[in-house]
Amino acid sequence: MFEQSQIQEFKEAFGCIDQNRDGVINKSDLKETYGQLGKVNVSDEELESMLAEGKGPINFTVFLTLFGEKLNGTDPEETILAAFKLFDPNATGVVNKDEFKRLLMNQADKFTAEEVDQAFAVAPIDVAGNIDYKSLCYIITHGDEKEES
């Protein structure tokens, strides 16, 4: 899931959070870590909620797994496809790049032009300016082969 250098970085982060060095992150470890970062008013409920994500004691393996889920986690492919289909009432399998850019920059959590350009950098766009959203959904959920080679 991670490269060796990333695992080493996570190990260092785990060591910083595991204040009592017992190999398990608990509520007092989290509270002390937050305190060192200047946040002293973290509620027990917040801390317990964080710990509950581990579904048991948070050792390094669980810690790594949680980060893997957070970093790689996306909605299921069918959920993303369903969202794109809202912009494709004729079921053509594509959405117009310019129209989609306009929507991204003017609706809900507005994207900046730079954010749209970053998103479009991996999007399969044909010469007519249409995004093949089925292929884009695959890239979102499985990664871009170009990046991996």
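Residue numbers start at 1 and run along the sequence shown.
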Atom pair [atom1]/[atom2] of [X] and [Y] - distance to nearest 0.5 Å:
{"X": "Leu81", "Y": "Leu86", "atom1": "CG", "atom2": "CG", "value": "11.0 Å"}
{"X": "Cys16", "Y": "Lys11", "atom1": "SG", "atom2": "NZ", "value": "13.0 Å"}
{"X": "Asp29", "Y": "Asp22", "atom1": "CG", "atom2": "CG", "value": "6.0 Å"}

Please give me the minimum heavy-atom distance between [X] and [Y], naming the atom from each residue.
{"X": "Asp132", "Y": "Val94", "answer": "CA-CG1, 4.0 Å"}
{"X": "Gln19", "Y": "Thr33", "answer": "NE2-OG1, 3.3 Å"}
{"X": "Met50", "Y": "Ile58", "answer": "O-CD1, 4.4 Å"}

Name the one of Asn106, Asp117, Asn96 that satisfies side chain to side chain contact (heavy atoms under 4.5 Å, CB included) with Lys101?
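Of the listed options, the one satisfying the test is Asp117.
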
Judged by atom type as modelled, is there a donor-acceptor pair below 3.5 Å linking the side chain of Asp18 to the main-chain atoms of Gly23?
yes

Ignoring hydrogens and angles, tell me if any N or O in the side chain of Asn130 forms a donor-acceptor pair with the backbone of Lys97 under 3.5 Å.
no

Fit a plane to each ring of Phe120 and Phe100, take the angle between them on a 0 to 90° scale, and name the class: parallel (under 30°), tilted (30 to 60°) or perpendicular (over 60°).
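Phe120 vs Phe100 ring planes: parallel.
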
Any chance you could lay out the ring-ring contact (aromatic ring centres under 6.0 Å, His included) test for Tyr133 and Phe87, step after step, and finish with the verdict?
CA-CA 10 Å; Tyr133 64 83; Phe87 304 104; 9.1 Å; no

In terms of heavy-atom contacts, does CZ of Phe84 have more than 12 from other residues, nucleotides or ligands at under 6.0 Å?
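It does: Phe84 CZ has more than 12 such atoms within range.
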
Ignoring hydrogens and geometry beyond distance, is a side-chain donor-acceptor pair present between Thr92 and Asn90 at under 3.5 Å?
no

